[in-house]
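Counting from 1, the numbers follow the sequence of the chain as shown. Both ligands and their constituent atoms are indexed starting at 1 by order of listing. Note that the coordinates shown come from a computational prediction; the quantities given were computed from them, not determined experimentally.
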Amino acid sequence: MKLIILENAQQIAEQVSEIFIEQVNAKKNSVLGFATGASPVPTYELLVKAYEQGKLSLKDITTFNLDEYCGIPASCEQSYRTFMFENLFGKTDVDPEKVNFLNGNAADFAAECREYEGKIAAAGGIDIQLLGVGVNGHIGFNEPSDKITDIPFAVELTDSTKQANSRYFEDGKVPDYALTMGIGDIMRAKKIVLIATGDSKKNAVKAIRDGEISSQCPATFLRLHPDAVVFADKAAAALL
Ligand code: GLP
C-alpha cells in the first residue's frame, strides 16, 4: 500500500481523476468500482470536466457501486443510485445499461448479494475500486466487526456511521440497514484508491498506516493489497 499526503482535497482529486482517465484511455471497457459520500465528489467533478472537454469517454465502462441503503426508494435524493447519476453518470456518457447497484429493496437480500457477486465476476472483476473511509475505518459499509466479509451482504449500520451520514437526510434519520460489497470484493479489485480528507478522518488514516490489520478497522486490510493507494490531505494526515 502506498500513502500519498497532499495539501488539500483538490490536489487529491487531480491525481485520482488522472488515474481513472489513464485507466479508461488504456482500456475503454474498464470495470470501475465507485463510491459515494463527500470524499469522491471533487474527483467526479474533474471526470465530468474531462468528459466535457472531450478528453474522456465513459460510454464503454461497466460500473459497480460499493453499497446502497436498504428500505429507501432507489429514486429518492439520498439513494446512492441518485447520488451517482447526479454527480457522474448523468453528466457524462456512462451507459445506464452498464451501471450496477445493489438493490436495497430486494425481497431476498442474500440472493441479491449472490447475484451482484456473480455480475462482478462475469464482468472480469474490478479494475479500479474507489473508496472513501468512515470515521470508524469502515470501507463501503463494512463496519468494524469480528468477521471478515467476502461477498456482498446486508449490514446493520453502526451509530457512528448513522451519525456521520445523518447530514444527508432532512429528518436526520439514516436507514438502519444497507447492502455492501464485502472486504473480499474490494480486495479482489486490481487497484484500490482510497481518499481521506478532513480532520474527522485523522484517526482512520492513522489506523490505516499504523494500526493492527483487523476487521475491527476494515480499511487496514488495504495494507495487504499489492496495488492500493491511499490519498490523505494534510488534515486527515495530522496524526502521522
Ligand atoms: C458512507 C459510505 C462510504 C463512504 C463513507 C465516507 O458511509 N458508505 O462508502 O466512504 O460514507 O463518506 P464521506 O466521504 O462523506 O466522509
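- Heavy-atom separations between Phe83 and ligand 1 are all 4.0 Å or longer.
- Salt-bridge annotation for Glu117 and Arg188: present, with a side-chain N of the basic residue lying under 4.0 Å from a carboxylate O of the acidic one.
- Looking at Thr220 and Glu212, their side chains never bring a donor and an acceptor atom within 3.5 Å of each other.
- For atom 1 (C) of ligand 1, the closest non-hydrogen atom on the protein side is Asn165 ND2, 3.5 Å.
- In summary, the atoms of ligand 1 found under 4.0 Å from a heavy atom of Ala38, numbered by their order in the structure, are 13 (P), 14 (O), 15 (O).
- The closest side-chain donor-acceptor pair between Glu45 and Asn87, if any, does not fall under 3.5 angstrom.
- Residue Phe34 does not touch ligand 1, judged by heavy-atom distances below 4.0 Å.
- For ligand 1, the atoms lying closer than 4.0 Å to a non-hydrogen atom of Tyr168 are 15 (O).
- Using a cut-off of 4.0 Å between Lys/Arg side-chain N and Asp/Glu carboxylate O, Lys234 and Asp199 are scored as not salt-bridged.
- Inclusion of Thr161 in the set of residues having an N or O under 3.5 Å from an N or O of ligand 1 is not warranted.
- Atoms of ligand 1 lying under 4.0 Å from any heavy atom of Gly132, numbered from 1 in the order shown and given with element: 10 (O).
- Residue, atom and distance of the protein heavy atom nearest to atom 12 (O) of ligand 1 are Gly37 CA, 4.0 Å.
- In this model, no donor atom of one side chain and acceptor atom of the other lie less than 3.5 Å apart for Tyr116 and Asn103.
- The distance from ligand 1 to the heavy atoms of Ser39 drops below 4.0 Å at these ligand atoms: 13 (P), 14 (O), 16 (O).
- For ligand 1, the polar-atom distance check against Thr36 finds no nitrogen or oxygen pair separated by under 3.5 Å.
- For Arg167, the heavy-atom gap to ligand 1 drops under 4.0 angstrom.
- Residue contact annotation: Gly140 has a non-hydrogen atom under 4.0 Å from ligand 1.
- In terms of protein heavy-atom proximity, atom 6 (C) of ligand 1 is nearest to Val133 O, 3.6 Å.
- Atom 7 (O) of ligand 1 has as its closest protein heavy atom His138 NE2, 2.8 Å.
- Ranking the protein heavy atoms by distance from atom 8 (N) of ligand 1 puts Asp67 OD2, 2.7 Å first.
- A salt bridge links Lys27 to Asp127: at least one charged side-chain nitrogen sits closer than 4.0 Å to a carboxylate oxygen.
- For the residue pair Asp233 / Thr197, no side-chain donor-acceptor distance below 3.5 Å is found, with atom types taken as modelled.
- Nearest non-hydrogen protein atom to atom 16 (O) of ligand 1 is Lys201 NZ, 2.6 Å.
- One finds a salt bridge joining Lys162 and Asp176 here, because a Lys/Arg side-chain nitrogen approaches an Asp/Glu carboxylate oxygen to under 4.0 Å.
- Salt bridge annotation for Asp95-Lys59: absent, with no cationic side-chain nitrogen under 4.0 angstrom from a carboxylate oxygen.
- Exactly one residue among Ile128, Asn29, Leu32 makes a side chain to side chain contact (heavy atoms under 4.5 Å, CB included) with Val24. That residue is Leu32.
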